[in-house]
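One structure is given here, and the rest of the page talks about it.
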Amino acid sequence: MQPTIRSAICTIICLAATTVAFGQEAQSLVLRIKAVGREGVGNVEAAKALKQLVALGPGAMPEVLAGMDDASPVATNWLRAAIEAMQDKGVQSGQKIPVAKIEAFLADKSHNGRARRLAYECLVRNDAKTPERLLPTMLDDPSSELRRDAVARKLASFGKSPTRKQLEELLAHARDQDQINAIAKNLKDQHGVKIDLTKQFGFITRWNVIGPFDNAKGVGFNVPYPPEKGIDFKATYPAKGNKQVNWQEHTTTKDLGLVDFNEAVGKLKGVVQYAYTAVESETERPVEIRAASNNAIRIWLNGKEIFFREEYHHGMEIDQHVGKGTLRKGKNEILIKVCQNEQTETWAEQWSFRLRICDALGGAVPLSNVTEKVK
């Protein structure tokens, strides 16, 4: 073998070995940072590792980003600080960030959404034209933040006179309430098209309800009344005030599927009401059951409790409560328990809820409401 060829091969091998060692060192330091815990546990060791990690320079940014995939919220904050410090160091020293590797990380949608968002921010800081180049490809991105930016940029690009087709196509990509509302308003104002937002968000409007059961002094929240033990639409149960109650059908026409028990049942205090619905899914799929209520609630999906919160009159905003579960193929049953306390103030009168079924980004999933009629 000629000396020049032998020398070139040796150089390549040495560079490869150096690269591997560099990556291993970065990964080792990332692991030390990820060991940090709450209330300052491991902070001293993490601070040392952070300093050493930053000293490696921008070249170690891909390893740090990858380390965020399964990092705790506390460790994620440390790793984010490392990324920012590395890029600062690169700007100050004239070292370039590894754009190709960071962009490849961003393109891999299996990575953690927060890490991919940070990768995008690094690329934007490096090149102000990054949004123009990348956002058009992110309208369906699994990262809610990247998707939001992509939708916002697309909407802005339409100018003052977007076509109906442009708006309807963009509506299919939007997931955030404010963006959906803005697109729907444009469609109505400029094209006379009214969007059914209740359907767009996936709110349930058909329910069977039963109650009121007792919640004097808040006892009802933890009492498993009959609907929690099994659904029987032919049954009659003893309820508050020595009354007998049975299931009643209730379909709401209020905005975003609001079920107002003050109207459906009456303005009662110290009571529990249940609402049941059944939906059919063509496939098994993970979902989020998102609810809003001013009252204490519990939610079950197919008999398994997926969310509870015992707090009253704390405000009511869309998606304030999120339970996660899996819809099975075919029929699925959802039960919600809504408790009203005994406060007499005017602002404590609200006794209602709304509930929707969506994916992790907030997009309504395709379902059929198969709630049985009460005979």
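For this chain, numbers begin at 1 and follow the sequence in order.
In the hydrophobic clustering of this structure, Met316 does not group with Val338; members are Ile, Leu, Val, Met, Phe, Trp, Tyr whose side-chain heavy atoms approach within less than 4.5 Å, directly or through other members. Residues Ile97 and Leu79 share a single hydrophobic cluster, defined by chaining ILVMFWY side chains whose heavy atoms lie under 4.5 Å apart. When hydrophobic clusters are built by joining Ile, Leu, Val, Met, Phe, Trp and Tyr residues whose side-chain heavy atoms come closer than 4.5 Å, directly or via intermediates, Phe261 is not grouped with Ile210.
Using a distance-only test at 3.5 Å, with no hydrogens or angles considered, a donor-acceptor pair links the side chain of Asn112 to the main chain of Arg114. Listed for the Asn295 side chain is no donor-acceptor partner under 3.5 Å among the backbone atoms of Tyr312. Checked by atom type and distance alone, the side chain of His111 never pairs as donor or acceptor with a backbone atom of Met68 at under 3.5 Å. A donor-acceptor pair under 3.5 Å is formed between the side chain of Lys337 and the backbone N or O of Phe221. With Ser281 contributing its side chain and Leu327 its backbone, the two residues share no donor-acceptor pair below 3.5 Å. Ser28 contributes no side-chain N or O that, together with a main-chain N or O of Glu25, makes up a donor-acceptor pair within less than 3.5 Å. Between the side chain of Lys269 and the main chain of Gln340, no donor-acceptor pair closer than 3.5 Å is present. Listed for the Asp196 side chain is no donor-acceptor partner under 3.5 Å among the backbone atoms of Lys194. Proximity of a side-chain donor or acceptor of Thr277 to a complementary backbone N or O of Arg206 within less than 3.5 Å is detected. Between the side chain of Arg164 and the main chain of His191, no donor-acceptor pair closer than 3.5 Å is present.
Ring orientation note: the planes of Phe307 and His321 are tilted relative to one another, at an angle of 30° to 60°. Between Tyr274 and Phe213, the two ring planes are perpendicular [angle over 60°; tilted spans 30° to 60°].
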Practice task
Show your working on side chain to side chain contact (heavy atoms under 4.5 Å, CB included) between Ile102 and Gln87 and close with a plain yes or no.
Solution key: CA-CA 12 Å; Ile102 294 175; Gln87 192 158 17; over 6 Å; no
Exercise for the section: Take Glu333 and Leu335, measure what side chain to side chain contact (heavy atoms under 4.5 Å, CB included) needs, and give me the verdict at the end. Expected result: CA-CA 7 Å; Glu333 299 181 303; Leu335 181 70; over 6 Å; no
Practice task
Check the pair Glu168, Val193 against side chain to side chain contact (heavy atoms under 4.5 Å, CB included), reporting the backbone distance first and the verdict last.
Solution key: CA-CA 10 Å; Glu168 288 179 337; Val193 178; 4.2 Å; yes
Handout entry: side chain to side chain contact (heavy atoms under 4.5 Å, CB included) evaluation trace for Lys34 with Asp70
Key = CA-CA 9 Å; Lys34 288 168 69 174; Asp70 59 351; 2.5 Å; yes
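No donor-acceptor contact under 3.5 angstrom links the side chains of Gln350 and Ser352, judged on distance only. Asn246 and Gln248 share a donor-acceptor pair across their side chains, judged by distance under 3.5 Å alone. Residues Gln320 and Arg309 have side chains that never bring a donor and an acceptor to within less than 3.5 angstrom of each other. For the 3.5 Å distance criterion, the side chains of His313 and Glu349 fail to qualify, holding no donor opposite an acceptor.
The 12-atom threshold is exceeded at CD of Glu342, counting heavy atoms of other residues, nucleotides or ligands nearer than 6.0 Å. Within 6.0 Å of CD in Glu317 there are 12 or fewer heavy atoms belonging to other residues, nucleotides or ligands. The number of heavy atoms from other shown groups lying within 6.0 Å of CZ (Phe308) does not exceed 12.
Using a 4.5 Å cut-off on side-chain heavy atoms (C-beta onward), Glu372 and Tyr276 make contact. Between Leu197 and Asp255 there is no side-chain heavy-atom pair separated by less than 4.5 Å. Contact check for Glu282 versus Pro366: no side-chain heavy atoms found under the 4.5 Å cut-off. Side-chain contact between Tyr225 and Tyr237 is absent, with no heavy atoms from C-beta onward closer than 4.5 Å.
For the side chain to side chain contact (heavy atoms under 4.5 Å, CB included) criterion with Glu121, the lone passing option out of Leu123, Val124, Leu118 is Leu118.
To the nearest 0.5 Å, atoms SG (Cys339) and CD (Glu310) are separated by 7.5 Å.
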